[in-house]
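A quick write-up on the structure given underneath.
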Amino acid sequence: MSERKTDQAFWRRPAIADETEAHQIEDVRQQHLLLDPRYPLDSDRDVLDPMYRSSKRYWFFFALFAGLVLMMFTTWTVQMWLGLGITGLKRPTMWALYIVNFVYFIGIGHAGTFISAALRVLKVEWRRPISRAAELVTVFGLMTAALFPLIHLGRTWKFYWLIPYPNERQLWPSFHSPLLWDLTAITTYLSCSILFAYISLLPDLAMARDHTSGWRHILYSVLALGWRGTEREWSNHETALNIFSYAIIPVMFSVHTIVSWDFAMAIQPGWHSTIFGPYFVVGALFSGAGAVIIALTIIRKAMRLQYFLRTEHLEGMAKLMLLLSFAWDYFYFNDVLVPWYGQAPVEKSLFALFASGRVAPLFYLMIFANAIVPVTLVFKRVRTSIVGLFIVSLFIQIGMYIERFLIVPVGLGQNEIPFAWGVYVPYLPESLISIGAFGLVIFLFFLISRFFPLIPSWEVYEGQVLQGLRRIGRAILPTRAEPD
Amino acid sequence: MAKNLLIGLFHEATPTADTLAQLRELGIPDDCVTVMSGIPYRPEWLGRPPVRGRVPMFALIGAGLGLVTAFVLTWGLWLLYPLNQGGQGITPVPPTLIILFEVTMLGTMWAAFVGLLLENRFPIFKSQLYDPRITEGHIGVLAEVDAELADKAEAILKANGAHHLQRVEEKYPLFARPGNLLDRLKARVTTLFGPDLLQRPFWLVVAVGIVVLLAVGAFIPYGIFPVAIPTQMEHQVSIGFQQGPRLAAPAAAVPVQGPVLIAGQPASTPYPATADSLQRGKVLYDLTCVVCHGASGDGNGRLSGFFVPKPADLTSARTQAFSDSQIFLVITQGFGAMPSLAENLDVQNRWDVINYVRSLKK
């Protein structure tokens, strides 16, 4: 009987006789995670170990961010007790920092879906190790954002008036109002993002279950729902992930569009714009991509995940961000050019305010951070430098936050009735709550990093199974098999 | 007939596929064999029949349910309890589409999730035949074979290089047999009340959760379990309509009608017309009054054309004959078509403007 040719387990590295070829292959491996397989147990250890080893530094930052969260909730309680009067909200700017935060945090929630759903649909391979972190940015961003309408309510305990439930006055929330669209869109997006993240987490929970003992073992056993990795399980898993990917992308687009309609449906100069929908979506993706990069660089360093998170992944994100920066420029220009051409008096005054008025420094900082700083990403040097990327992403966060500030309270202060114009300055309560909100997102990351694997290891192994090498002339290049 | 369960682990995909082919030749039906792995190997890579899941069907049903729910929330409820608003009619189409889209998507995805759970029979907390090394990258072959074939099957696994071979006598069938319902139910019952550690606590928690949700969601709001929710209403001062005694007016108050001059109210401005006051007055006048009354106060401001009657000529003898308090009243309350400017000018500002208006006298 003749020997049949059998495949090699994907983590085995064949010995290469030729020395130059061995070097070449080693080089390619260094660059590409998917060509650099290891025995899965070693990789699993890398993913799991940081979950139970928390350094002093971890606890220091943990305490710091927990403190910020505490500060946020204390301030909120005080505000509930004393009323919204303690904030800087007054006519005409009844929407201010809370709404800015709402828009900003929903915004950073958009990149997660984009990376794990859209790049999944498009079969972009560098998404594999970063999709979990991106999904978590989405979930935490949305959770934080969802707090802000409640904080902004003042009488938070009346929040259930938004929910359609039968009540004795037979009044139903009005679906003619963008605020109800918001509620439905965010409910859909948040709950489905959590489910999406959970589904892709299932095999990793099973992996964690198999390598842990004690209370962790029980926790993961419950959460993994009895996952064994049978054919049927994998196949349904794949189908479910595909359905989610295709369904959640339009939802993602709809969410920030609806957020923009909260503004665009009002006949407020600077808000009443037909391009607000796509403009907001692009801005959201832009700031979200930056947020994901920030999260990745920190996770990579703090949890020693250099094996999984390589320059190629950050570079992929950087290219995405560069593209989104151009898209943002385009939409912003559109949004400004058309009203400028109209020369309506109030809009003119708004432009004057931006160009040379009291908010001019903010305006120019925004343009610098959103349109100019990201251009440095055309240089490979910047794209492949972790510090460089971190700084660029930070600038983008600042720029996008300012953008929302200029739209919400500044735009609202300059309405059609000049004698009712107003200047909004954030007071202490909303400033503390906003700072606390950033703390909350980071705190949730700190917390989750001790409980759930931040790298979707099964996705990485799947990628490693499908990748191979191919010689073309003198070069050795990565190739990829595509199932389906 | 007694059944045996066999599990073997492999490193590579090819020997796994060979094993599976040989097991089939041995006469073990495909649905008595399953492959477990830590990586999604597609069934066709291992020469296995494709899995036909019904998750998409669940998603479709969910989409339908979502669509119906959205219709009930929008058109259904608003036709039942009409409340006209926004000049859009009771059932406007564009906003409806938004809600339809969101709720349909919600239904689709939630149903896909439920479908995933049901199709995989999740959650399973009873002990299953499994090997933790599978998440380390090994491929496990699990076969349910009749006792007389077990030795041969084991030999096939061994010949193809399976390590960690295990063989277990099975009490209850592992795979749902096409057999009668009672058998299948029996298998279910053992999973529910078996000796396994987590199964019972889990369902207990689920049951308690459902009861609590029901209680909160239905019983409390409808007063079936009356709960005194603190509203703090008892701490608020409650004053009935026209209830006495009448409260004294605040110090800066100006009467709306009747004699302008009442006790304690300055008849003329309490701020002398100093150069400072006039200068402030001019600035404020140019901000708040000029659009209507014009720079010189003659009532020909830019907006004056829009008013019938026109804004008063502040330089005229008629207006100048007003007492200071009367002008104060006009600014505070508005007059006819003139809006109240109380928000734009605080009390001192108003007196400054009045000083300035006085200086406009022809």
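For the numbers below, each heavy atom of this structure counts, side chains included, while hydrogens, waters and symmetry mates do not. Residue numbers begin at 1 in each chain, while the letters A, B, ... track the order of the sequences.
Between chain A and the residues B:Ile134, B:Leu83, B:Leu73, B:Thr96, the largest count of heavy-atom pairs under 4.5 Å involves B:Thr96. If you tally non-hydrogen atom pairs under 4.5 Å between each of B:Pro56, B:Gly107, B:Pro43 and chain A, the highest count goes to B:Pro56. Ranked by heavy-atom pairs shorter than 4.5 Å toward chain A, the options B:Val291, B:Leu46, B:Leu106, B:Thr108 are led by B:Leu106. Ranked by non-hydrogen atom pairs under 4.5 Å with chain B, the options A:His211, A:Glu233, A:Met207, A:Arg209 are led by A:Glu233. Across B:Pro92, B:Ala70, B:Ala59, B:Gly53, the residue that shares the most heavy-atom pairs under 4.5 angstrom with chain A is B:Pro92. When each of A:Thr184, A:Thr239, A:Thr257, A:Leu195 is checked for heavy-atom pairs under 4.5 Å with chain B, A:Leu195 comes out on top. Ranked by non-hydrogen atom pairs under 4.5 Å with chain A, the options B:Asp131, B:Leu116, B:Val35 are led by B:Val35. Counting heavy-atom pairs closer than 4.5 Å to chain A, the top residue among B:Trp78, B:Phe10, B:Trp45 is B:Trp78. Taking chain B as the reference chain and counting heavy-atom pairs below 4.5 Å, the highest number among A:His237, A:Arg91, A:Gln464 is found for A:Arg91. The greatest number of non-hydrogen atom pairs below 4.5 Å with chain B, out of A:Tyr39, A:Trp261, A:Trp458, A:Phe10, is found for A:Tyr39. Comparing A:Trp227, A:Trp181, A:Phe196 by how many heavy-atom pairs each has under 4.5 Å with chain B, the most go to A:Trp181.
Using modelled atom types, one finds a donor on one side chain and an acceptor on the other under 3.5 Å when comparing A:Thr113 with A:Tyr189. With hydrogens and angles left out, the side-chain atoms of B:His138 and B:His163 include a donor and acceptor closer than 3.5 Å. For the residue pair A:Asp210/B:Thr135, the side-chain donor-acceptor check at 3.5 Å is satisfied. Between the side chains of A:Ser131 and A:Glu459, at least one donor N or O sits under 3.5 Å from an acceptor N or O.
Taking the charged nitrogens against the carboxylate oxygens, A:Arg38 and A:Asp44 have no contact shorter than 4.0 Å, which rules out a salt bridge. A salt bridge between A:Glu462 and B:Arg42 is present, with a side-chain N of the basic residue lying under 4.0 Å from a carboxylate O of the acidic one.
Within a 6.0 Å sphere centred on CZ of A:Arg155, heavy atoms belonging to other residues, nucleotides or ligands number 12 at most. When the shell of 6.0 Å around CZ of A:Arg13 is examined, it contains more than 12 heavy atoms from other residues, nucleotides or ligands. Within a 6.0 Å sphere centred on CH2 of B:Trp110, other residues, nucleotides and ligands contribute 12 heavy atoms or fewer.
Looking at A:Val251, the atoms closer than 4.5 Å to chain B (heavy atoms on both sides) sit in the backbone and in the side chain alike. If you measure heavy-atom distances from B:Glu119 to chain A, the contacts under 4.5 Å come from both the backbone and the side chain. Residue B:Leu303 does not touch chain A at all, counting heavy-atom pairs closer than 4.5 Å. Contact of A:Ser235 with chain B is made through the side chain alone, with heavy-atom distances under 4.5 Å. Neither the backbone nor the side chain of A:Ser177 comes within contact range of chain B, judged by heavy atoms closer than 4.5 Å. If you measure heavy-atom distances from B:Tyr81 to chain A, the contacts under 4.5 Å come from the side chain alone. Using a 4.5 Å cut-off between heavy atoms, A:Ile417 makes no contact with chain B at all. With a 4.5 angstrom heavy-atom cutoff, B:Leu117 touches chain A only via side-chain atoms. B:Phe58 does not touch chain A: none of its heavy atoms, backbone or side chain, sits under 4.5 Å away. Both the backbone and the side chain of B:Ala13 come within contact range of chain A, each with at least one heavy atom under 4.5 Å from a heavy atom of that chain. B:Thr104 does not touch chain A: none of its heavy atoms, backbone or side chain, sits under 4.5 Å away. Interface residue A:Ile199: only side-chain heavy atoms are found under 4.5 Å from chain B. Heavy-atom distances place no part of B:Pro50 under 4.5 Å from chain A, backbone and side chain included. Of the atoms belonging to A:Ile258, it is side-chain heavy atoms, and not backbone ones, that fall under 4.5 Å from chain B. For A:Pro173, the part lying near chain B is the backbone, with the side chain staying farther off; criterion is any non-hydrogen pair under 4.5 Å.
At distances below 3.5 Å, not a single donor-acceptor pair connects side-chain atoms of A:Tyr220 with backbone N or O atoms of A:Asp204. A distance-only check finds no donor-acceptor pair linking the side chain of B:Asn120 to the backbone of B:Phe122 [under 3.5 Å].
Rounded to the nearest 0.5 Å, atoms CD1 (A:Ile249) and CZ (A:Phe253) are 7.5 Å apart. To the nearest 0.5 Å, the span separating OG1 on A:Thr187 from CD1 on A:Ile163 amounts to 8.0 Å. Interatomic distance, NE2 of B:His11 versus OG1 of B:Thr16, reported as 10.5 Å (0.5 Å rounding).
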* Asked: Hey, mind stepping through A:His176 and A:Met265 against side-chain contact (heavy atoms from CB on, under 4.5 Å) and telling me if it holds?
  -> CA-CA 11 Å; A:His176 309 63; A:Met265 292 294 158; over 6 Å; no

